[in-house]
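What you see is a predicted model, and the numbers here were worked out from it, not measured in a lab. All residue numbers in this chain count up from 1 along the given sequence.
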Amino acid sequence: MDLLALADFTLVARHGGFGRAARATSRPKATLSRRVAELEAALDLRLFERGPREVKLTEEGRALFARAGLLITELEETAAAIASGGERPRGRLRISAPLLFSQTAMGKLAAGFALQYPDVRLEVTTDDRLVDMVEEGYDLVIRVNPAPDESLVGRIFLHDRLVVAANPAFPRPTDDRAVPVVVRGTADRSTTWDVQTPEGPARIAVDPVLRLSSLMMVRDAVLAGVGAARLPVSLVSRDLAKGTLVEWGDVEGPDIALWTLYPSKRLLSARVSAFLDYLKNAFPQGTPDELAAYVDT
């Protein structure tokens with residue numbers, strides 16, 4: 001296989017088209033097109049679907065880019081490190097992170113990482129949807145309790161837990177009547193919440209009176225006294241300490257686990273490795289209290 005043709009294929013795939021790749025690298029578009037066509041002929045595979053205005057990776061193209069893209073990047077970084085006389089991480093690092101973690105912790109994390117690694121150009125986008133790491137060009141994603149994915153490698157770096165919290169003036173449940181609550185999103189149709197209290201397990205009948213799209217909005221509504229809500233302890237620890245919110249109990253069920261996911265462990269880039277180490281240093285124990293303390297500082 002022609003490695004130069006393979007490198008040009010990954011270049012076009014990374015930039016999302018022949019024209020974009022040509023402009024970004026000052027390479028002739030015709031040369032890139034010819035090289036990719038030669039690679040397709042050698043492999044007897046169509047790697048791109050070519051439309052009048054855009055090109056899109058085929059299924060085979062995505063599979064090749066997932067492996068070859070990491071290999072070419074690793075080779076480029078190794079050559080750059082040798083040429084510069086060191087192995088300091090450099091280049092662009094694209095990360096996708098969930099909304100709440102981005103709002104509470106990611107800005108501080110990104111700033112600290114940028115100061116420690118000035119040669120890395122960090123780009124963080126906020127998205128709760130399941131992104132396609134290969135097609136959308138992400139090096140690493142952070143997700144909450146992700147579904148298993150054989151194409152990705154992952155590790156847990158933080159835990160959190162849910163508590164039922166309410167304004168102190170909001171009446172606690174004393175009977176089976178439904179309690180007004182605030183929930184996130186429209187999919188939650190629960191009529192009861194199971195909680196663990198100091199007195200033991202309890203079941204709270206609930207009546208969702210307000211549905212909001214983010215947990216920050218839910219917290220603000222609870223502070224205003226609209227109703228109770230299930231909220232991450234890291235988000236409300238300061239409110240609980242000040243007494244502006246009170247806790248009714250821990251929500252029964254699995255803890256919240258924050259994962260870092262990336263395409264390959266064997267070919268992990270220096271940039272991704274550095275960010276993983278930075279997260280580990282920021283949250284050495286990975287506990288809810290550690291996250292809460294980090295958010296509050």
Is it the case that one hydrophobic cluster holds both [X] and [Y], taking links as side-chain heavy atoms less than 4.5 Å apart, direct or via other members?
{"X": "Val195", "Y": "Val179", "answer": "yes"}
{"X": "Leu223", "Y": "Val226", "answer": "yes"}
{"X": "Val181", "Y": "Val222", "answer": "no"}
{"X": "Val163", "Y": "Met216", "answer": "yes"}
{"X": "Leu210", "Y": "Val183", "answer": "no"}

(request) Using the side-chain hydrogen bond (donor to acceptor under 3.5 Å, both in side chains) rule, take Arg143 and Ser96 through it: C-alpha gap first, then chi angles, then the decisive distance, then the call. (result) CA-CA 8 Å; Arg143 286 294 172 261; Ser96 173; 2.8 Å; yes
State the [atom1]-[atom2] distance between [X] and [Y], to the nearest 0.5 angstrom.
{"X": "Arg46", "Y": "Glu59", "atom1": "CZ", "atom2": "CD", "result": "15.0 Å"}
{"X": "Asp8", "Y": "Arg35", "atom1": "CG", "atom2": "CZ", "result": "5.5 Å"}
{"X": "His159", "Y": "Ile256", "atom1": "NE2", "atom2": "CD1", "result": "11.0 Å"}
{"X": "Arg20", "Y": "Leu11", "atom1": "CZ", "atom2": "CG", "result": "13.0 Å"}
{"X": "Leu39", "Y": "Leu64", "atom1": "CG", "atom2": "CG", "result": "6.5 Å"}
{"X": "Leu140", "Y": "Ile95", "atom1": "CG", "atom2": "CD1", "result": "5.0 Å"}

(request) Quick one: list whatever passes salt bridge (charged side-chain N to carboxylate O under 4.0 Å, His left out) with Asp128, sequence neighbours left out. (result)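 Testing Asp128 for salt bridge (charged side-chain N to carboxylate O under 4.0 Å, His left out), a comparison that skips the adjacent residues, returns Arg184.
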State, yes or no, whether a side-chain contact exists between [X] and [Y] at a heavy-atom distance under 4.5 Å.
{"X": "Trp259", "Y": "Ile142", "answer": "no"}
{"X": "Phe170", "Y": "Pro180", "answer": "yes"}
{"X": "Leu162", "Y": "Leu231", "answer": "no"}
{"X": "Pro232", "Y": "Leu100", "answer": "yes"}
{"X": "Tyr294", "Y": "Ser234", "answer": "no"}
{"X": "Arg161", "Y": "Asp250", "answer": "yes"}
{"X": "Leu57", "Y": "Phe9", "answer": "yes"}

(message) Any salt bridge linking Glu40 with Arg34? Criterion: basic side-chain nitrogen under 4.0 Å from a carboxylate oxygen.
(response)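 No, Glu40 and Arg34 are not salt-bridged.
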(message) Please enumerate all residues that pass side-chain contact (heavy atoms from CB on, under 4.5 Å) together with Pro171, with sequence neighbours excluded.
(response)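 Expected list: none.
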(message) Can you confirm whether or not the ring centre of Phe101 sits under 6.0 Å from the ring centre of Phe157?
(response)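 For Phe101 and Phe157, the ring centres are under 6.0 Å apart.
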(message) Set out, in order, the CA-CA distance, both residues' side-chain angles and the distance that settles salt bridge (charged side-chain N to carboxylate O under 4.0 Å, His left out) for Arg94 and Asp139, then state yes or no.
(response) CA-CA 5 Å; Arg94 295 196 72 220; Asp139 301 290; over 6 Å; no
(request) For Tyr138 and Thr125, test the side chains for any donor-to-acceptor distance below 3.5 angstrom and give the result as yes or no. (result)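 Tyr138 vs Thr125: donor-acceptor pair found between side chains.
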(request) Can you run down the side chain to side chain donor-acceptor pair (under 3.5 Å) pairs that involve residues 102-122, sequence neighbours left out, and say none if there aren't any? (result)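 Of all non-adjacent pairs touching residues 102-122, those that pass side chain to side chain donor-acceptor pair (under 3.5 Å) are Ser102-Thr126, Lys108-Thr297.
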(request) For Phe18 and Arg50, run side chain to side chain contact (heavy atoms under 4.5 Å, CB included): C-alpha distance rounded to whole Å, both residues' side-chain angles, the deciding distance at 0.1 Å, then the answer. (result) CA-CA 10 Å; Phe18 293 95; Arg50 295 162 173 82; 3.9 Å; yes
(request) Could you walk me through whether Leu276 and Tyr262 pass the side chain to side chain contact (heavy atoms under 4.5 Å, CB included) test, one step at a time? (result) CA-CA 10 Å; Leu276 292 174; Tyr262 37 94; 3.8 Å; yes
(message) On a heavy-atom basis, which atom in Ala205 and which in Asp176 lie closest, and how many Å separate them?
(response)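 Nearest heavy atoms, Ala205 then Asp176: CB-O, 3.6 Å.
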